[in-house]
Q: 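Below are the structure tokens for one structure; questions will follow.
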Amino acid sequence: MPSRAPPQEHKATARTHEPRRIPVASPGHQRRHTLPASEFRSLTPEDAISVFEIEREAFILVSGECPLHLDEVRHFLSVCAELSLGWFEEGRLVAFIIGSLWDQEKLSTEALTLHKPQGTTVHIHVLAVHRTFRQQGKGSILMWRYLQYLRSLPYVRRAVLMCEDFLVPFYQKLGFNVQGPSEVTVGPLTFIEMQYAVRGHAFVRRYSGC
Ligand SMILES: CC(C)(COP(=O)(O)OP(=O)(O)OC[C@H]1O[C@@H](n2cnc3c(N)ncnc32)[C@H](O)[C@@H]1OP(=O)(O)O)[C@@H](O)C(=O)NCCC(=O)NCCS
């Protein structure tokens, strides 16, 4: 989940007009429009701005870069929204994960911008929690729910991510194992690649035809 400079290729096209949800009031029914205290759901391209606001504070103001630029957020939420998960408090996005599929053992620079529909590896591009909601367990809970959800997707064998050294213990507590240094670097930044086994040997047998 590195911060990096905008890619020169594979750039997603930004949408300028997103459909708006317009609440419909049915005559004779005075419904209270209370938003749920907590809601977990896949993100949509309409959530891209909220995602990017969290990224801006979490990454751009810190290092000048972020794991996914706005057009890339929109792209992934258009092509593989089912691999995202948002945590909303009273309708407001407070934490999110964005993933896509990857089809090789190790992550490469290409993995940062591509979704490979035939892949069996979920590449977790970014986990971020809104500043005011950090250190409350939300990042851990959201990742735990996401990993449980991945178990329900029959085509997923494992989940991988890249993180800086200081977050290795955080992901280890969630069940990720260190795979070694990532071949992806961003300027002076280096990353550790980590893996979570969603399925074991049964998956390999079934999908290798043995
Ligand atoms: C990293 C992040 C997702 C963790 O979410 P969170 O809800 O704050 O974390 P939780 O409350 O579930 O867990 C707290 C644990 O996270 C780890 N952690 C969080 N931020 C950390 C940091 N900056 N350095 C080291 N460990 C950190 C620690 O292990 C901490 O436990 P401790 O307080 O006992 O030391 C969140 O802090 C965040 O969004 N940070 C900015 C974006 C980011 O760096 N994302 C990850 C890389 S893409």
Side-chain angles (χ1 to χ4, degrees), residues 1-7 37-41 43 47-70 72-73 75-77 80 83-90 92-102 106-109 111-115 121-150 158-196:
M1 290 183 275
S3 307
R4 67 205 154 71
S38 266
E39 183 190 12
F40 295 87
R41 64 163 171 83
L43 300 170
D47 298 311
I49 297 287
S50 305
V51 163
F52 197 66
E53 282 305 312
I54 295 178
E55 272 204 295
R56 191 199 307 276
E57 183 280 322
F59 302 102
I60 297 177
L61 293 180
V62 176
S63 67
E65 292 298 338
C66 61
L68 295 175
H69 294 270
L70 182 56
E72 294 163 346
V73 172
H75 172 65
F76 286 124
L77 297 184
C80 52
L83 296 175
S84 67
L85 185 61
W87 182 334
F88 296 80
E89 293 277 355
E90 294 174 347
R92 176 188 181 197
L93 184 69
V94 300
F96 68 90
I97 291 172
I98 293 178
S100 66
L101 288 175
W102 182 238
K106 298 277 287 178
L107 292 172
S108 65
T109 307
L112 306 184
T113 48
L114 293 181
H115 168 59
T121 295
V122 171
H123 172 202
I124 299 172
H125 293 268
V126 55
L127 158 69
V129 178
H130 188 282
R131 173 174 45 92
T132 57
F133 295 86
R134 287 187 199 141
Q135 294 292 322
Q136 300 171 17
K138 283 191 163 52
S140 306
I141 292 169
L142 187 67
M143 181 59 83
W144 184 84
R145 287 185 77 125
Y146 185 77
L147 295 171
Q148 296 307 305
Y149 164 68
L150 292 185
R158 65 185 187 130
V160 296
L161 57 80
M162 289 178 282
C163 67
E164 290 182 71
D165 284 351
F166 65 88
L167 282 176
V168 165
F170 172 74
Y171 289 114
Q172 280 177 321
K173 274 186 230 162
L174 286 159
F176 284 82
N177 295 310
V178 170
Q179 295 298 100
S182 173
E183 64 185 57
V184 180
T185 58
V186 177
L189 294 180
T190 58
F191 304 96
I192 303 296
E193 191 160 324
M194 304 197 71
Q195 164 175 299
Y196 179 92

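For ligands, and for the atoms within them, numbers begin at 1 and follow the listed sequence. Being a predicted model, the structure only gives us computed values, none of them experimental.
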Q: Which bit of Leu167 is near ligand 1, meaning a heavy atom under 4.0 Å away: side chain, backbone, both or neither?
A: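 Answer for Leu167: side chain.
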Q: Is there a heavy atom in Pro67 that sits closer than 4.0 Å to ligand 1?
A: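 Judged by the 4.0 Å heavy-atom criterion, Pro67 does not count as contacting ligand 1.
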Q: Taking side chain as C-beta onward, heavy atoms only, is Ser38 less than 4.5 Å from Trp87?
A: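 Yes, close enough: below the 4.5 Å cut-off.
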Q: Looking only at distances, can you tell me whether any N or O atom of Gln135, backbone or side chain, sits closer than 3.5 Å to an N or O atom of ligand 1?
A: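 Yes; the residue has a nitrogen or oxygen that sits under 3.5 Å from a nitrogen or oxygen of the ligand.
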Q: Can you check whether Leu83 reaches Leu150 side chain to side chain, under 4.5 Å on heavy atoms?
A: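 Touching, per the 4.5 Å side-chain cut-off.
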Q: Can you tell me if Pro169 contacts ligand 1 (heavy atom of the residue under 4.0 Å from the ligand)?
A: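 Not so, Pro169 does not reach ligand 1.
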Q: Out of Gln136, Lys138, Glu164, Arg134, who gets a non-hydrogen atom closest to atom 41 (C) of ligand 1?
A: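 Minimum heavy-atom distance to atom 41 (C) of ligand 1 goes to Arg134.
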Q: Roughly how far, to the nearest 0.5 Å, is CZ of Phe96 from CZ of Phe88?
A: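 Output value for this atom pair is 10.5 Å.
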Q: With salt bridge (charged side-chain N to carboxylate O under 4.0 Å, His left out) as the test, would you mind laying out the steps for Arg56 and Glu53 before giving the verdict?
A: CA-CA 5 Å; Arg56 191 199 307 276; Glu53 282 305 312; 2.9 Å; yes
Q: Between Phe176 and Tyr196, how do the two ring planes meet: parallel, tilted or perpendicular, split at 30° and 60°?
A: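 Ring orientation, 0 to 90° scale: tilted.
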Q: Does at least one non-hydrogen atom of Met143 fall below 4.0 angstrom from an atom of ligand 1?
A: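 For ligand 1, residue contact (heavy atoms, under 4.0 Å) with Met143 is absent.
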Q: Within the 4.0 Å heavy-atom shell around Ser140, which atoms of ligand 1 are there?
A: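 Answer, ordered by atom number: 10 (P), 12 (O), 13 (O).
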Q: Closer than 4.0 Å to some heavy atom of Lys173 - which atoms of ligand 1 meet that?
A: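 Answer for ligand 1: 29 (O).
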Q: Short question: side chain of His123, backbone of Ala111 - any donor-acceptor pair under 3.5 Å?
A: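 Looks like yes, one N/O pair under 3.5 Å.
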Q: Are any of the N/O atoms on Gly137, whether in the backbone or the side chain, positioned under 3.5 angstrom from an N/O atom of ligand 1?
A: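 There is such a contact, yes.
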Q: For the side-chain contact (heavy atoms from CB on, under 4.5 Å) test, which of Ile60, Val126, Leu70 pairs with Glu55?
A: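 Per the side-chain contact (heavy atoms from CB on, under 4.5 Å) rule, the option paired with Glu55 is Val126, out of Ile60, Val126, Leu70.
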Q: Any N or O on Leu127 sitting closer than 3.5 Å to an N or O of ligand 1?
A: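 By distance alone, the answer is yes.
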